[in-house]
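Throughout, a chain's letter reflects where its sequence line sits, starting with A, and its residues are numbered from 1.
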There are 2 protein chains.
Amino acid sequence: MASEKKAGTRAADALQKYLEEQILSGALPEGSVLPPERELMTQFETSRTVVREAITSLTNRGLLENRPRFRPVVRKPGYDAAMDALGGIARHLLGTKQGVSNLYELRIFIESSLVRQAATHATREHISKLKEALEVNLAAIDDPVAFDQSDIAFHSIFYEIPENPVFPALHRTFTAWLSQHWLEMERTPELNRSNYEKHCAIYEAILERDPDRAEKLLKAHLNSSWEDVEGTFVF
Amino acid sequence: MASEKKAGTRAADALQKYLEEQILSGALPEGSVLPPERELMTQFETSRTVVREAITSLTNRGLLENRPRFRPVVRKPGYDAAMDALGGIARHLLGTKQGVSNLYELRIFIESSLVRQAATHATREHISKLKEALEVNLAAIDDPVAFDQSDIAFHSIFYEIPENPVFPALHRTFTAWLSQHWLEMERTPELNRSNYEKHCAIYEAILERDPDRAEKLLKAHLNSSWEDVEGTFVF
DNA sequence: TTTGTTGTTTGGTACGACCAAACTTATCTA
DNA sequence: TAGATAAGTTTGGTCGTACCAAACAACAAA
C-alpha cells in the first residue's frame, strides 16, 4: 500500500474527518450526494470497509442521510437534527410515566420563563403575532386537528422571542415527544374553548406587562392539560 | 435461536433492534458484556460485518460502551448519557462563537429561572447546602482548580432543587461543553474573590426571598463571566 | 506465591467477491 | 415519435476470509 500508515490513526477516522471537513466547510454542499463508495475507495487508496465505516459513522452523527441502496445525502445538522438524534437515544426514558413527567415538567419550567420574558420584553411584533394566533385558535375550535396545530403555533411564539435557535428546536422536541400521549385524549369543542380562553388570559397578562400573572396562568394551563391526559397513559 | 429474515429489512438493522430490545427489557442487564462477535455471528447466521455494524450503531446511541479491544458493555443510558451522545452529534455547533453563545444564553435562561425558584421555594436544607458551598468557595480562593470545582458545585445546587433528574444532567452538559473555553482564561485570586462575593450576594437575595434581585444578580454574574472569557475564544 | 513466558481468544482492519436494487441505455411496440 | 419494456451497468448491502495486535488464560520458572 502506497499510503503511509501512521500508528494510532485509523484510516476510517482519517476519511471521516476529511469528509466532515468537506461538509462543514461547504465544499460538499447541503443536499448534495457523496461520490460512490468505490470512487472514494480508489481516491483514498483504501478498502470499501473503511469507506463504509466512515459513512456509517457520519450517518450516525447526522451529517449524512443514508437511505438503503441510495447514495448518502449531505446534511448539515442544526439544533433540530441534534434533538432528533437525542430522541433516538432517550426513547426508552420516555417509555415510563416518570420520564414523560420529567420532560413535561421541564417544558413547564422553560415555557413559564419564556412567558415571563414575553411579559417583560415582548415587542409589538410578538404581541401582534400572539393576537393572530389567538384568532386562528378561535376559528379552529370545532376542528380537533386544526385546533391542535393552532395550539402548538400559539405556544411556539414564546419560543421565538429569545431569538436563539435552540428554543424553537426545544419546542419542536417537546411537542414531538409528548404529542403522542395527547393524541389518546378526546378533544371536545368545549375543551378547545377552555384552552382558547386560557390563551386569551395569558395574552392579556402579557399585554398588561404582568409577568407574575402570566406565569401563573401558563402554569395552570399546562398543569390542567397534564391532568387531562395523565389518566389516559398506557405504557 | 434462528434469526428471522424479514424481506426489506437490513440484517444489521434487525440485529440492532434485537439487541436493543434485549437491553431495554433487561434480558441483557446493565453492566453485562455482549457475547463475542463471532458467537453472535453464528447465533444469527450472519457475518461479522453485520454484527460489527450493529454494535457500532448501538455504541453511538449510548446503549453499549465499547472500549477498543474489550467486549462491549451494556449501558442503559440515563439523561446524562443521552446528553453525552448529543454532544457528539452537536459538536460542530459548538465550534462557532455563535453556537457557544446560544448555549450559554440557554444556560443563563435556565439558571435564572432556577434561582428565582430557589428564592421562592428553597427549603432550609437547600439553603444550608448553599451556605456550605459558599464556605468551600471562600476556602478555595487561592487555588484555581479547587475554586473552579467549588464554583461548579455552588451552581449545581440550583439544578437539584426541582428534583427532576433532567436538570442536573443539563448542568453537567453545560459545564462539560463550555468549560473548555473557560480553561483558556487565567484565574486570579482577585477574580475568584469577586465571584465569591457575587455568590454571596445571590445567596442573600435568596435568603430574603427576593426572586427579582436574585435573578438580576445571577444574570450579572454569568454575563460578566461571559465577557471575561469572550475575548479569549479561538476557533 | 510471585513473576515471566507462551498459546489462545477476541476485537480491529482490510480485501475481494457476490447479490439485488437502482439507474441507464437500447430496443420494441403502438 | 412516444411510451413501455427489456437488457446491461452502476452501486450499495452482505459475506467469507485473512492477518494483526491487544487482552486473556494457562503454565513454567524463580
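The nearest whole Å value for the distance from the CD atom in Glu53(A) to the C1' atom in dG12(C) is 9 Å. Rounded to an integer number of Å, the gap from Leu40(A) CG to dT11(D) P is 11 Å. The distance between atom CE of Met41(A) and atom C1' of dA17(C), rounded to the nearest whole Å, is 11 Å. Look at CZ on Arg69(B): it is 7 Å from P on dG12(C), rounded to the nearest Å. When the P atom of dT14(D) is taken as reference, atom CG of Leu15(B) falls 11 Å away, rounded to whole Å. With rounding to whole Å, Phe44(A) atom CZ is found 17 Å from dA14(C) atom C1'. The CD atom of Glu37(A) sits 12 Å away from the C1' atom of dT10(D) (whole-angstrom rounding).
For Arg38(A), the listed nucleotide lying nearest its side chain is dC18(C); candidates were dC18(C), dC15(C), dG11(C).
Residue Ser47(B) has a polar side-chain atom (N or O) positioned under 4.0 Å from OP1 or OP2 of dC15(D). In this structure, Arg52(A) reaches the dG13(D) phosphate: one of its side-chain N or O atoms is under 4.0 Å from OP1 or OP2.
Ion pairing between a basic and an acidic side chain is recognised when a charged N comes within 4.0 Å of a carboxylate O; Glu30(A) and Lys76(A) show no such pairing. Using a 4.0 Å cut-off between a side-chain N of Lys or Arg and a carboxylate O of Asp or Glu, Arg71(B) and Glu39(B) do not qualify as a salt bridge.
At distances below 3.5 Å, at least one donor-acceptor pair connects side-chain atoms of Tyr104(A) with backbone N or O atoms of Leu222(A).
Donor-acceptor pairing under 3.5 Å, judged by distance alone, is present between the side chain of Arg48(A) and the base of dG13(D).
Comparing Phe70(A) and Arg67(B) along DNA chain C, the residue whose closest nucleotide (by nearest heavy atom) sits nearer the 5' end is Arg67(B). Residues Pro72(B) and Pro68(A) both approach DNA chain C. Their nearest nucleotides, taken by heavy-atom distance, put Pro72(B) toward the 5′ side.
More than 12 heavy atoms of other residues, nucleotides or ligands shown are found within 6.0 angstrom of CD on Glu135(B).
Among the heavy atoms of the strands lying under 4.0 Å from Arg71(B) are primed sugar atoms or P, OP1, OP2 only; no base atom is included.
Counted by atom type alone, Asn102(B) and Gln98(B) present one or more donor-acceptor pairs between their side chains at under 3.5 Å.
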